[in-house]
Each structure stands twice: as structure tokens, then as C-alpha cells.
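Take a look at the structure set out below.
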Amino acid sequence: MKVVYPGSFDPPTYGHLDVIRRASLLFEEVHVCLLHNSSKKSSLFSVEERVNMLKEVVGDIPNVFVDFYDGLLIDYVKEREIGAIIRGLREITDFGEELRMAQANRSFSGGIETLFLAADPTHSFISSSMVREFASYGKTVEQFVPEPVLMKIEEKLIG
Ligand code: PNS
């Protein structure tokens with residue numbers, strides 16, 4: 001099956017990478033798709049920067065493809081003939097919003113399923129917003145993000 005792993009990836013973290021790697025072992029093709037999250041008003045990285053970082057960190061996984069889509073996830077799913085949506089679940093506080101999105105996407109698309117991968121405990125507290133916040137106060141985030149992302153963060157925040 002061909003699946004999509006959607007997200008805003010601002011920036012991509014080890015938590016994202018773990019879900020991508022595990023999904024790549026389960027499914028024929030994993031399409032990592034950068035989409036806009038309407039509840040996030042500003043971003044640290046541009047779409048192009050995020051796509052490039054994603055491409056760099058998944059470059060060694062042959063059945064993973066990186067994409068950007070300026071629209072609804074369910075329209076991307078329909079256009080690309082995707083079989084299911086993959087999301088990671090880190091902790092109970094993720095659940096409400098994830099359930100709402102999964103149900104809305106299933107209802108509006110006429111049946112697309114969302115499958116959840118439980119975050120590895122070593123990654124369950126990592127979020128892009130936490131990475132952005134610590135990095136913006138000069139803290140190192142090397143334990144949370146892959147090397148190419150770390151370099152981009154340092155470039156952006158330190159100059
Ligand atoms: O990494 P995030 O910010 O948790 O990802 C959320 C994302 C981008 C997957 C979600 O906001 C999304 O699907 N955006 C695309 C627009 C869309 O389909 N909205 C309806 C969601 S129910």
C-alpha cells in the first residue's frame with residue numbers, strides 16, 4: 001500500500017524520522033507530505049527549507065518520497081491514490097486532536113483511514129515547537145533533530 005505521512009515539519013525531528021523509518025518497513029511507498037497547519041500562524045522555516053531538510057534526512061530510504069501540497073490532505077490523498085494516512089501518537093494529549101482529524105478526513109473523503117504509530121518512548125516528548133523554543137533561547141537541540149536540521153537551525157538562529 002501507498003501511504004502518506006503528513007505534517008508541518010517545522011523543523012523535522014527525530015520523532016518524525018522514527019515514524020517515517022518504521023512506516024517505510026510496513027508499506028510499499030511512504031509519501032512524506034508537507035502541508036499547511038491552519039492553527040500555526042507563523043513558521044521558522046519556509047516550505048522550501050522544510051522540504052529540503054526532509055529530503056536530506058530521508059535520502060537513504062528508497063521507498064520514501066517528499067512532497068509539498070498547498071491544500072487539503074484528503075485532496076492530496078485522492079490525487080495520488082494514497083491508501084491510508086499515517087500519524088504518530090506521542091502521548092494522551094495528542095489523542096483528541098488526532099481523533100478529530102482522522103474522523104473528519106474519513107468523513108469528508110468518503111472513507112480514508114488514518115493509522116497511528118505509537119511514538120518510541122525515547123521520542124515521545126519531542127515536538128517541533130519545543131525544538132524551536134529551546135533553540136531560540138540558544139540551547140542546543142542536537143539530541144532532538146538530525147544533523148542537517150541542526151545545522152539549518154544554527155544557521156537560522158545564530159547566523
Ligand atoms: O505536524 P502537524 O502540524 O501536526 O500536521 C498537521 C497537518 C499539516 C497534517 C494538518 O494541519 C493538515 O492536514 N493540514 C492540511 C489541511 C487539511 O487537510 N486540513 C484538515 C484537517 S482535519
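Order of listing sets the numbers, starting from 1, for every ligand and every atom in it. Each residue takes its place number in the sequence, starting with 1.
Ring pair Phe125/Phe144: centre-to-centre distance below 6.0 Å.
In the model, Asp10 has no side-chain atom that pairs as donor or acceptor with a side-chain atom of Ser8 under 3.5 Å. A donor-acceptor contact closer than 3.5 angstrom is absent between the side chains of Ser46 and Glu48.
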Please tabulate, one line per pair, the protein nitrogen or oxygen atoms found under 3.5 angstrom from a nitrogen or oxygen of ligand 1, with distances to 0.1 Å, or say none if there are no such pairs.
unit_1: ligand 1; atom_1: 1 (O); unit_2: Ser8; atom_2: N; d: 2.9
unit_1: ligand 1; atom_1: 1 (O); unit_2: Ser8; atom_2: OG; d: 3.2
unit_1: ligand 1; atom_1: 3 (O); unit_2: Ser8; atom_2: OG; d: 2.5
unit_1: ligand 1; atom_1: 3 (O); unit_2: Asn37; atom_2: ND2; d: 2.8
unit_1: ligand 1; atom_1: 3 (O); unit_2: Lys40; atom_2: NZ; d: 2.7
unit_1: ligand 1; atom_1: 4 (O); unit_2: Arg87; atom_2: NH2; d: 2.9
unit_1: ligand 1; atom_1: 5 (O); unit_2: Arg87; atom_2: NH1; d: 3.4
unit_1: ligand 1; atom_1: 14 (N); unit_2: His36; atom_2: O; d: 2.9
unit_1: ligand 1; atom_1: 18 (O); unit_2: Leu73; atom_2: N; d: 2.8

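Between His123 and Tyr14, the two ring planes are tilted [angle within 30° to 60°].
With values rounded to the nearest 0.5 angstrom, His31 atom NE2 is found 12.5 Å from Ile20 atom CD1.
Among Tyr76, Tyr69, Phe68, the single residue meeting the ring pair (Phe, Tyr, Trp, His ring centres under 6.0 Å) criterion with His36 is Phe68.
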